[in-house]
Every structure is written in C-alpha cells, then in structure tokens.
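What follows is a short report on a single structure.
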Amino acid sequence: MSGPSKYQPTSAVGKWFHERLPIVAFAKDHALDFPTPKNLNYWYTFGGILAVMLVVQIITGIVLVMHYTPHVDMAFASVEHIMRDVNYGWMLRYLHMNGASMFFIAVYIHMFRGMYYGSYKAPREVLWMIGVIIYLVMMATAFMGYVLPWGQMSFWGAKVITNLFSAIPFVGPEITTWLWGGYSVDNPTLNRFFSLHYLLPFVLAGIVFLHIWALHVVGNNNPTGISVKSDKDTVPFHPYYTLKDGFAIVVFLIFYAAFVFYGPNYMGDAVNYVQANPLATPEHIKPEWYYLPFYAILRSINNKLLGVVAMFSSILILLFLPWLDTSRVRSGKYRPIFKLEFWVFCVVCVALGFVGAQKPNDTLSWIGFLLTLYYFAHFIIFLPLMGLLEQPKRLPNSISEDVLAHSHGKLAAAE
Amino acid sequence: MKKFASLLIAGSALIGCAGLAHAEAEKDAKAISYSFEGPFGKFDKAQLQRGYKVYQTVCANCHSMKFVAFRNLADRGGPGFTDAQVKALAATFKVSETDSKGDTKDRDGMASDYFPSPALATIAGLGAIPPDLSLITKAREGWHGTFNQLLNNVGGPQYVYSLLTGYEDPPKGVAPIEGKYYNPYFTSGVWISMPPQLTDGLVKYDDDTKPTVDQMAKDVSAFLAWTAEPKMEERKQTGLEVLVYLLILAGLLYAVKRKIWAAIH
C-alpha cells in the first residue's frame, strides 16, 4: 500500500481523533480502498475464507471451554455433557470439530493456489514464509485440540506423535518425558495441551496479522503473475472483493454446514467415541485426514529418526520454496512443463494421504516410499531444473490487457 | 475442463483421505434401513419405546449406559414417553444413596437419575468387560470406504443389528473356542465373548408388534442410535433452516457481485 491516504475526517471530533490515532484511516486504506488486481479468480477467495474459519474456531472454542473439563476422568464425559445437556452444545461442538477439517481444506487449497501461481516468488518470499509458519502452528493447534475429548484416538494419537520426539539422539526420551509432564500421556499432558490449544489460536491471529501486513506491503499476486503496472490493473478492495469474497465465503459455509448438520462424524474416526483406555490399543492408529500425507512420509522410511526427519523436512522445505523455484515467470499458466508437473505433484500428495490412511503392508510401504521420493524430488530436483530448461509462453503486457483479451474472446464466441 | 480437473483433484483430496479405515470385521453390516436415515429422517417413537424395553430387559443386565438419564426418555426427538411414564419407569429401579450420617439406603429411582449400571458381580467372569452402550452406534462402523460412508453413513446402527442377528456356526475346519461365539460381523475378529442374546418372544411388547429376533434387533439398534445422537432431529431441522438461509444469502450476494463487476469485465 503506497500513496497518501484518501481518508479525510469530516467532523471536528473525527479530526481530533485522527490526529491522535489514525485507526479509521488505516482501516479505510487497508480494508476498503486497498488496490487489488482486478483479475483474481475464485481460488483467491480462500484467504478470506480462512480468516472467517479462524474466527469461527475461536468463538466456538471459547464457548466450548465454558463447559469442558480438562481432566482424564472427566473430559470425555464433559464433551458428552456438551452434546446432550448444553443448549445448542451439539451444534457448537460439531461446528468446532468439523471447523478444523474445513480450516485444513481451505488452507490446502490456499497453499496449492500459491504454488500454482508462483505467489511465493519475489517480492512475496516473506509473505509465503509467514504462511508456512501459520500452517505449522495450525497443525500443532489441531493436534492438541484432537486430544481434548480424550477418546481412544485422542489418547493413542497423542502417544504416537509425542513418541516421535524420543527419536532425537541422546536426549529423546528426556524430551518426551518433559513434553508429557510424566512418564506417559496422562493428566498433565491433557492439561498442558488444553492450555496450549487455548493459547495458540491467538498466536495464530497475531501471525495472520503479520501475513496480511506483508501482503499489503507487496500487494496481491494474480493469475497472470505479472506485477500491477497502473491504476487500470486494479480495483479497490471494497466493494469488488468484499462482495466476491463474501459470496465465496457463504458458498463455503454451505459446504461446511452440510457436514455439520448432515454428516457431522463423517470426517472423524468412530473409535474416538470410545473413552481413552491406556490398556487397550486400537487396532489401527491413524491421525485425522489432514495429517495423513505426512503420516505416510513418516512411515515410508524404515528408521524412526530418519522417518521423523523426513516428515518435518517435508513441511519445512516449503520455507525454501521461493529459492528452489528458479523460473523468472511467476504464474504456472505460462509454464507448460511446470503446469503438468504441478498436477502430478498434487496427485502425489493425495496418493500419500491415501497411503497414510491404510494399514501398513509391504506393497504400500514401497508405494509410500516412492511417493515420498517424488515429493522431495519435486522441490529439490524438478522445480530448480524446470525453471532453467522450460520455455515459458509469451506473457501479456499488463493485467488489464489480459482481462480485455479474455472478455473480447468471450464476445467473439458469443457472436 | 481445466477448472473441472482442478475441482476434481481438490475434491478427492478432501474426501479421499477421510474415513479410509480398514475393515476389521469379516463381513460388512447388513444394509437394513431405518426411519431416521437421510436428511429428513426421524426416529420412530414406537420403535424407540420397544427398543428401550429390549435394552432394559436384555442388554442392561450386563451393559452400562452412563450418559443417558431417565428424564431423557421424555426429551423432544426421543422415544416420546410422557413425564408420568418416565417417573413410573424410573421408580421401578432402586438407587442406593449414602446420606450425611454415612448410612447407605436404597431409594426409588427418579427421572433425574442416570440409567443404573449393572452390578460388578454380574459382569465378573464374562471374559470381557461389556462396553458402555451410550455411544455404541457412533463408536462402531458397519462398513468402510470413503464414498460408501459418505452416501450411507458409517452404519453404526446396522452394525449393532447385524451383530445381534449374525451368530453362525463356525465354518468347517475352524475349531470352536471355549467360551467364545462365532460372529463374522464382530469388529475385532470373529470370536465374541457375548453369547447370542435374542430369542423369539423374549420381550413382551406393549404394542401389537411381534417380538421376533429380527424385530427386536431392529428396535434395540434404533434405540441405541437415539442414545448416541439424541439431538439428531433438532440437528437436521436446524440444518435445513441454516441451509435455506445461506442459499438465499449466497444468491443475493452473487446477484450484487455480478452487477457491480459488470462494468469491470
């Protein structure tokens, strides 16, 4: 955002206040007037959708806490108390539980959109990296939230994931004990997860603020990937994108509501309706769907430490994406080879999720291993090479030229 | 086409991974249907009342149901007993209470009491602790497969029905196990510690329904679907209102959005 503010206080009180805290000008510049490329498609609405989901999760979560008891003997029963005795408790709980899945659906679409249109490239590296950190914090938050109902999968999921830290050489077991607050997953573990699950969403809100700040410094990327060159390329955020995002948000809420009201337990694991029992291991321990690709990577390597390293690397490698992609063209639209490889990469990620959901066997382990190799090859080999070898298509001169070309094409087709 | 492909991939990404748990039982549950299925499905009150009777006469001897109180039997969207009936039903049970002097006394059950759990002596030596039944139809899957579960739900009530009616002689060559019963619908292996429970005419129904094994299994599994999800009717009703509201709002927003953007394109 550059240029002088268009805000002019009209009243004496407004002027007095503006000179002391220009918050109204700030809001007007950033929420209303912010110049936004006029060619953003619906894939670009997921940022707004994510902001809404964060707010939904925080509000439903705060009310749930008013009725929840973080104690190993009472947590499961208190969730059932919410479901049965609290007014609209079932709705709050199902909104929160499915809200987590919706949050991840939206964040995955948002991330893949960024990858396709090259939204991580200069000057948006910091914006992208803040996004990766948001994703990491989200994963930690969702993991700890899943433990709170204290069902069988809550308990055993917590046990498996915290046990990963025991793979750290020399100090692993001590770190695990420290994380647990004891010698097993028990009441202290539940209590600290509860505390952190309440804290982290507000940390998230803070990092989201940084994410939007970084966005407003460099401006939106757009489907052509070319930078904004003149006022003709942009429209003010309001009313153009408040309405477009607003419409997309409501459509997303319809999708969300369909699950909350008609299939609230579809995305969850039935075993989690059995109270946690440290003496009975479920037959098939698996995390929620949004972790499955990483779970597959973890299990694809036959060495605990290396598996853990691979799993964390698979996320942390995203931080280096801006420098791994050597192409000077941002948008995948003009990169014929990248475009193809991008979709292969998407399929690989979905396939990893599928493998992660299955009970392990020899064939699947091999498939998982090959998919893991591809996952890393995409970042370390294909992205750097494609940028050097590929001949990109001709770019339009400006965003507005591209928009005009498209609407002319439509007119010609209509005639 | 491109858009379609990307939607397809995004779509499969989000449902492709959910609910892929592997079949633990040897056979999928029998796909019988209930009145409460589908977006407009409701519980059949008479069926829930019969199911309650089967539960109290048969299941409750060994299984607890910790999260359901007698008062719930009169709740909206449930079996629809009247308050007077609930009081009478609760009073048929004795609840032991310790008073301020430390004396334990039995008193008649009240509507606010939770269903009494079976005495420890009854369940000792059964070979396995009978699971609590409050949530059993949500805690078990009748069948598997991402799309199957999306279209047909997870099949918890069908699981209970199939288990109750699914006892068989072990196939040839499979040696029987002492104290275990062969049931291919059982979630953990084919050998279950619970003997077959239902026989024709075991429970005397208050209406004209014939208490066959099949009928009792249907009724009690429907009752257990209600105990696991007592707010189901309220949920579906609210869902309809929410969806109608959101659809209208989406239509209005789309119309305004198109109008405003018309000059830009």
Side-chain angles (χ1 to χ4, degrees), chain A residues 38 43 77 80-81 83-84 88-91 94 101 104-105 108-109 112 116 235 239-240 243-244 246-247 250-251 253-254 257-258 260-275 283-284 286 289-290 292-293 343 346-347 349-350 353-354 356-359 403 406-407 410, chain B residues 3 5-6 9-10 12-22 24 38-39 66-69 72 75 131-132 134-141 146 149-150 153-154 156 187-188 228-232 234-240 242-243 246-247 249-250 252-254 256-257 260-261 264-265:
Chain A
K38 59 184 183 184
W43 297 111
E80 278 309 309
H81 161 69
M83 295 294 290
R84 289 158 194 271
Y88 292 103
W90 59 269
M91 189 153 85
Y94 279 153
S101 282
F104 275 97
I105 289 170
Y108 283 134
I109 295 176
F112 278 100
Y116 184 77
V235 290
Y240 293 99
L243 272 164
K244 189 166 184 168
F247 169 64
V250 172
V251 170
L253 289 180
I254 291 172
V260 168
F261 295 103
Y262 295 102
N265 295 305
Y266 173 65
M267 307 232 209
D269 198 314
V271 178
N272 223 32
Y273 278 108
V274 178
Q275 189 168 352
E283 294 188 46
H284 182 198
K286 65 177 171 59
W289 68 266
Y290 34 84
L292 289 173
W343 288 112
C346 291
V347 172
C349 290
V350 174
F354 179 81
Q358 308 300 314
K359 275 192 182 168
V403 171
H406 277 288
S407 48
K410 266 186 216 156
Chain B
K3 267 194 183 148
S6 29
I9 291 185
S12 55
L14 57 98
I15 28 189
C17 307
L20 277 166
H22 246 298
E24 326 277 10
K66 285 186 283 188
F67 298 121
V68 183
N72 295 130
D75 284 350
D132 185 87
S134 316
L135 286 162
I136 201 76
T137 55
K138 268 156 86 174
R140 297 286 187 274
E141 292 175 331
T146 308
Q149 290 199 346
L150 185 62
N153 293 319
V154 294
T187 182
S188 21
E229 190 72 3
K231 305 292 171 140
M232 187 210 70
E234 188 186 349
R235 165 162 64 76
K236 288 178 182 172
Q237 178 60 36
T238 315
L240 183 67
V242 168
L243 283 181
L246 286 176
L247 282 168
L249 181 61
L252 290 174
L253 279 170
Y254 187 66
V256 179
K257 183 252 158 196
I260 285 183
W261 277 83
I264 302 288
H265 286 311

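Quick note on labels: first sequence line is chain A, next is B, and so on, each numbered from 1.
Both the backbone and the side chain of B/Pro39 come within contact range of chain A, judged by heavy atoms closer than 4.5 Å. The parts of B/Glu234 that come within reach of chain A are both its backbone and its side chain, each placing non-hydrogen atoms under 4.5 angstrom from that chain. With a 4.5 angstrom heavy-atom cutoff, B/Leu247 touches chain A via backbone and side-chain atoms both. Contacts of B/Ala69 with chain A are absent, with no heavy-atom separation under 4.5 Å from either backbone or side chain. With a threshold of 4.5 angstrom between heavy atoms, A/Tyr88 approaches chain B through side-chain atoms but not through N, CA, C or O. Looking at B/Leu243, the atoms closer than 4.5 Å to chain A (heavy atoms on both sides) all sit in the side chain, from C-beta outward. Looking at B/Ile136, there are no atoms closer than 4.5 Å to chain A (heavy atoms on both sides), in backbone or side chain.
A 4.5 Å side-chain heavy-atom check between A/Cys349 and A/Phe112 finds at least one atom pair inside the cut-off. When side chains are defined from C-beta on, B/Thr146 does not count as touching A/Phe354, because their heavy atoms never get closer than 4.5 Å. Within the 4.5 Å cutoff, side-chain heavy atoms of A/Phe261 are placed close to those of B/Val242. A/Asn265 is not listed as a side-chain neighbour of B/Gln149, based on a closest heavy-atom distance of 4.5 Å or more.
Interatomic distance, OH of A/Tyr94 versus OH of A/Tyr262, reported as 14.0 Å (0.5 Å rounding). Rounded to the nearest 0.5 angstrom, B/Leu150 CG and A/Met267 CE are separated by 9.0 Å. Taking CG of B/Leu246 as the start and CG of A/Leu253 as the end, the distance is 6.0 Å to the nearest 0.5 Å.
The candidate from B/Lys231, B/Lys138, B/Met232 with the greatest count of non-hydrogen atom pairs under 4.5 Å with chain A is B/Lys138. The candidate with the highest count of non-hydrogen atom pairs below 4.5 Å against chain B, out of A/Arg84, A/His81, A/Met83, A/Glu80, is A/Arg84. Considering only heavy-atom pairs separated by less than 4.5 Å from chain A, the leading option among B/Leu240, B/Leu135, B/Val154 is B/Leu135. Your options are B/Glu229, B/Gln237, B/Lys66, and the one with the most heavy-atom pairs under 4.5 Å with chain A is B/Glu229. With chain B as partner, the option from A/Ile254, A/Val260, A/Val271 having the largest number of non-hydrogen pairs under 4.5 angstrom is A/Ile254.
B/Asp75 and B/Asn72 form a side-chain donor-acceptor contact under 3.5 Å, judged by distance and modelled atom types alone.
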